[in-house]
Amino acid sequence: MSDRVIATVDLAAIRHNLQQVRRFAPGSRVMAAVKADAYGHGAVPVARTLEAAGVDALAVACIEEALELREAHVRAPIALLEGVLSAEEATLAAYERLQIVLNDFWQIDLLESMPPSASLQIWFKLDSGMHRLGFPLSAVPRLQAVLERNRGWRFCGWMTHLACADEPDSPMTLNQIGAFDAALVDRSGARSIGNSAGILGWPQARREWVRPGLVLYGASPLPGRVGPQLGLKPALTLTSRLIARRDYPEGSSIGYGGGYACPEAMPIGVAAVGYADGIHRSLACGAPVLIGGRRAPLAGRVSMDMITLDLRPAPEARVGDEVLLWGEGLPAEEVAAHAGTLAYELFCGLTNRVRFRYINVT
Ligand SMILES: Cc1ncc(COP(=O)(O)O)c(C=O)c1O
């Protein structure tokens with residue numbers, strides 16, 4: 001690992017974004033999604049930061065992610081969003097005081113086949129319309145019966161996940177919320193509905209618990225809006241350096257496949273970052289980077305270790321200058337759109353060739 005590509009993670013931004021979530025959903029407890037290595041930001045430093053800032057719980061996808069946090073002495077409640085896959089995982093989950101999000105009856109059978117444990121903590125995830133994970137809403141009476149015959153289990157609450165919360169005009173979200181509420185009339189237990197888009201776009205989705213992920217990292221889940229417009233601060237800034245600069249005559253083709261033709265005599269810069277670092281190969285010509293605060297467009301295809309840039313907007317750029325790929329001053333949401341994807345995927349796609357640096361640790 002060298003200093004050619006650096007991800008600078010500002011932990012103060014994570015704290016700030018948590019505060020913003022609390023502002024958006026006052027009165028809700030916050031379960032922060034730190035799965036997928038905290039969306040590529042580094043699970044342990046992010047979880048420690050959130051824990052110190054008083055987050056109410058953390059959420060990961062699977063037991064390995066939870067164990068990594070426990071090994072790093074993160075003591076906050078941690079929910080396993082996909083539940084457990086075996087008796088061994090369930091035993092570990094009980095031992096490590098993890099909250100198991102149950103989504104199917106085979107998982108209940110698994111837990112009921114284990115010796116009774118006072119440390120089992122469970123959520124029920126209901127499928128209110130996303131049709132990915134979760135019990136059908138009609139199963140609520142059966143689930144209530146499960147709770148009644150397993151009084152030693154600690155019941156954390158009822159959870160559902162929104163399929164279209166980032167689509168303000170879709171009727172899906174209100175349908176899901178309505179169906180979830182109707183299925184739970186007269187049932188006790190906390191509720192949790194909203195992810196980032198639910199928290200920002202749908203006040204109706206705020207319940208005892210909210211489950212933000214993306215917004216904690218400073219990016220917007222809402223189309224046409226970037227994080228800073230919503231009061232969020234991007235937590236990760238990805239930078240590289242210019243390692244070459246050449247002047248080419250009009251008509252010169254640049255990079256693999258001659259993917260870019262110089263429309264005039266112009267300077268082309270080469271930055272030391274490519275798809276082996278996590279820059280999507282689908283990033284289109286014209287996608288911006290920042291050099292000295294100026295936007296310079298990508299000129300030519302992304303290669304494994306390098307990208308080529310049109311330096312006309314930054315004619316004074318020299319070898320050694322910093323090239324900012326996304327983050328402070330250039331929202332990842334905007335860059336992602338040039339690759340036909342979302343900030344989520346850019347964040348999760350950074351590879352182990354990128355050096356991570358944490359600032360504002362306390
Ligand atoms: C069940 C569940 N809750 C919450 C989240 C957080 O979502 P977001 O990052 O959109 O806030 C996720 C992420 O996929 C999830 O699967």
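Everything quoted here is computed from the prediction, not taken from an experiment. In listed order, ligands and their atoms are each counted from 1.
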Taking only non-hydrogen atoms of Pro212 and a 4.0 Å limit, the atoms of ligand 1 in range are 11 (O)
Ligand 1 to Arg132, heavy atom cutoff 4.0 Å, flagged ligand atoms 16 (O)
Looking at Ile199, Asn195, Val101, Thr160, the heavy atom closest to atom 7 (O) of ligand 1 belongs to Asn195
Q: Taking Arg142 for its side chain and Phe105 for its backbone only, find out whether a donor-acceptor pair lies under 3.5 Å.
A: no
Residue, atom and distance of the protein heavy atom nearest atom 10 (O) of ligand 1 read Tyr344 OH, 2.5 Å
Note: ligand 1 atoms sitting under 4.0 Å from heavy atoms of Tyr39 are 6 (C), 7 (O), 8 (P), 9 (O), 13 (C)
Are any of the N/O atoms on Ala33, whether in the backbone or the side chain, positioned under 3.5 angstrom from an N/O atom of ligand 1? no
Indicate yes or no for a side-chain donor-acceptor contact from Asp310 to the backbone of Ala296 under 3.5 Å, with no hydrogens or angles considered.
no
Of Asp109, Asn103, Asp104, the one forming a side chain to side chain donor-acceptor pair (under 3.5 Å) with Gln107 is Asn103
The side chain to side chain contact (heavy atoms under 4.5 Å, CB included) partner of Leu298 among Val289, Leu309, Val335 is Leu309
Quick note on ligand 1: atoms under 4.0 Å from a heavy atom of Lys125 include exactly 1 (C)
Shortest non-hydrogen pair, Leu232 vs Gln20, comes out as CD2-CB, 4.0 Å
The protein heavy atom nearest to atom 2 (C) of ligand 1 is His161 CE1, 3.4 Å
of all protein heavy atoms, closest to atom 3 (N) of ligand 1 is Arg211 NE, 2.9 Å
**Asked** Is any side-chain N of the basic residue among Arg245 and Asp321 closer than 4.0 Å to the acidic one's carboxylate O?
**Response** no
Per-atom filter on ligand 1: closer than 4.0 angstrom to a heavy atom of Leu214 are 8 (P), 9 (O), 11 (O)
Are a donor atom and an acceptor atom from the side chains of Ser28 and Arg206 found within less than 3.5 Å of each other?
no
Under 4.0 Å between heavy atoms, the region of Lys35 that gets near ligand 1 turns out to be side chain
If you scan protein heavy atoms around atom 11 (O) of ligand 1, the nearest is Ser196 OG, 2.5 Å
Review point. Using 4.0 Å as the upper bound for N to carboxylate O, is an ion pair formed by Asp3 and Arg241?
Key: no
